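Notes to accompany the following structure.
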Amino acid sequence: MKKKVVFLVCLLISAGLGGAVVGKSIAIPIRSLPNTLSADIPTPAADLSGLVLTLQDLPAGFTEMPPASLKRMGTGTPDFKPASVFGYQKSDDQQFQIVMGFTTQLPNAIDRSQFDAGVREEKVAQEFSKGLNSSNKEFNFANAMPLSLEDKIGDVSSGWRSQGKIRGLLINVELVLFRRGKIGSFVAIIYLDGKQPTMTSSSTARQLDKRIMELKPDLTQPQ
């Protein structure tokens, strides 16, 4: 049962993030993807593969998600390939939670302006909600509502929260998007309603933001 729920949750978050990323409001052009050669790219994109959270960054009890689930995040949306991906799960008698995230490089001003506009506009939340419900007939999630972040994250950031059922379980889904310099980031957490998440979306995003500034100071200057 738990494995089935975890699989459905992975499908859910992949579809939701995919909808938000490649929707009209926050489309990220192919030219900004790593290892993509094009006439308008003078130099290769930076290696962002190390911009992930590790088990040491999370409270005790989390384990790595199966490689197949992470691969779904990385390849589930044909028009988008993240530069780094991470995913962890906690499933026991006390808590069920999934923490996931990825980054992408935004090398030019147009990409950053598109991303910032998408972060600030409600269209991203609309695309996210649409993606949640379009991937599986078992899903029935409410429209995403603004989520108050605990503190400032990145140069620009926004969060949303949605609630729905998976196999009779009431699930909360939270998404945080933020940009730090030339790097755009997406963080999502999923947890059972009525349970306090062990790792909040704000704390997860803040940890990733800190990791980005530590490892890529040359890409994190205010733009």
Side-chain angles (χ1 to χ4, degrees), residues 1-18 20-21 48-77 80-104 128 131-132 135 139 141 147 149-150 153-154 157 159-164 166-167 169-178 180 183-216:
M1 177 65 176
K2 286 184 178 180
K3 289 184 178 180
K4 179 64 174 178
V5 171
V6 169
F7 172 78
L8 289 174
V9 165
C10 293
L11 182 65
L12 161 78
I13 198 62
S14 178
L17 291 176
V21 170
L48 306 185
S49 59
L51 300 184
V52 299
L53 297 186
T54 68
L55 284 175
Q56 287 68 39
D57 298 312
L58 277 64
F62 279 90
T63 58
E64 293 184 6
M65 292 183 63
S69 299
L70 291 180
K71 184 177 180 180
R72 177 180 289 277
M73 273 193 70
T75 62
T77 304
F80 176 73
K81 287 182 173 55
S84 65
V85 177
F86 64 88
Y88 302 97
Q89 64 186 44
K90 178 178 172 64
S91 182
D92 53 36
D93 293 338
Q94 301 299 319
Q95 180 65 275
F96 171 80
Q97 184 176 356
I98 287 181
V99 175
M100 307 176 79
F102 58 85
T103 66
T104 184
F128 181 61
L132 293 180
S135 60
F139 300 158
F141 278 77
L147 174 70
L149 302 179
E150 296 168 2
I153 299 169
S157 61
W160 297 274
R161 179 179 179 273
S162 184
Q163 187 179 81
I166 297 180
R167 290 190 165 252
L169 297 176
L170 195 57
I171 300 285
N172 294 320
V173 178
E174 295 181 4
L175 171 70
V176 175
L177 278 68
F178 70 92
R180 173 66 71 179
I183 300 173
S185 300
F186 304 72
V187 166
I189 69 167
I190 301 176
Y191 59 98
L192 292 177
D193 187 58
K195 296 286 187 178
Q196 187 69 24
T198 307
M199 190 80 170
T200 68
S201 52
S202 290
S203 61
T204 304
R206 186 170 61 249
Q207 284 273 66
L208 181 58
D209 190 24
K210 181 180 178 181
R211 181 65 42 80
I212 290 170
M213 289 188 289
E214 288 176 347
L215 298 184
K216 294 295 179 181

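What's counted below: heavy atoms across the whole structure, side chains too, no hydrogens, waters or symmetry copies. In this text, all values refer to a predicted model and were calculated from it rather than measured experimentally.
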Could you check if a side-chain atom of [X] sits within less than 4.5 angstrom of a side-chain atom of [Y], using non-hydrogen atoms only?
| X | Y | result |
| --- | --- | --- |
| T103 | L208 | yes |
| I171 | D193 | no |
| I98 | M65 | yes |

Sequence neighbours left out, cut at 3.5 Å: what donor-acceptor pairs do the side chains of residues 54-63 make with other protein atoms?
{"residue": "T54", "atom": "OG1", "partner": "Q56", "partner atom": "N", "Å": "3.3"}
{"residue": "T54", "atom": "OG1", "partner": "Q56", "partner atom": "OE1", "Å": "3.2"}
{"residue": "T54", "atom": "OG1", "partner": "D57", "partner atom": "OD2", "Å": "3.2"}
{"residue": "D57", "atom": "OD1", "partner": "R211", "partner atom": "NH2", "Å": "2.9"}
{"residue": "D57", "atom": "OD2", "partner": "T54", "partner atom": "N", "Å": "2.8"}
{"residue": "D57", "atom": "OD2", "partner": "R211", "partner atom": "NH1", "Å": "3.2"}
{"residue": "D57", "atom": "OD2", "partner": "R211", "partner atom": "NH2", "Å": "3.1"}
{"residue": "T63", "atom": "OG1", "partner": "Q89", "partner atom": "O", "Å": "3.4"}

Closest non-hydrogen atom pair between [X] and [Y], with its separation:
| X | Y | value |
| --- | --- | --- |
| F186 | T104 | CE1-CG2, 4.2 Å |
| L48 | A83 | CB-CB, 3.7 Å |
| L147 | W160 | CB-N, 3.6 Å |
| I189 | P197 | CD1-CB, 4.2 Å |
| A205 | V187 | CA-CG2, 4.0 Å |

Ignoring hydrogens and angles, tell me if any N or O in the side chain of [X] forms a donor-acceptor pair with the backbone of [Y] under 3.5 Å.
| X | Y | answer |
| --- | --- | --- |
| S84 | L51 | yes |
| Q207 | L53 | no |
| E174 | G159 | no |

Test E64 against Y88 for side-chain contact (heavy atoms from CB on, under 4.5 Å), laying out the working first. CA-CA 5 Å; E64 293 184 6; Y88 302 97; 3.6 Å; yes
Could you state the interatomic distance from [atom1] ([X]) to [atom2] ([Y]), rounded to the nearest 0.5 Å?
| X | Y | atom1 | atom2 | result |
| --- | --- | --- | --- | --- |
| F86 | F102 | CZ | CZ | 10.0 Å |
| M213 | R180 | CE | CZ | 4.5 Å |
| S201 | I190 | OG | CD1 | 11.5 Å |
| S91 | L192 | OG | CG | 8.5 Å |

Would I212 and F178 count as a side-chain contact (heavy atoms from CB on, under 4.5 Å) if you check the C-alpha gap in whole Å, the side-chain angles of each, and the deciding distance to 0.1 Å? CA-CA 11 Å; I212 290 170; F178 70 92; 4.1 Å; yes
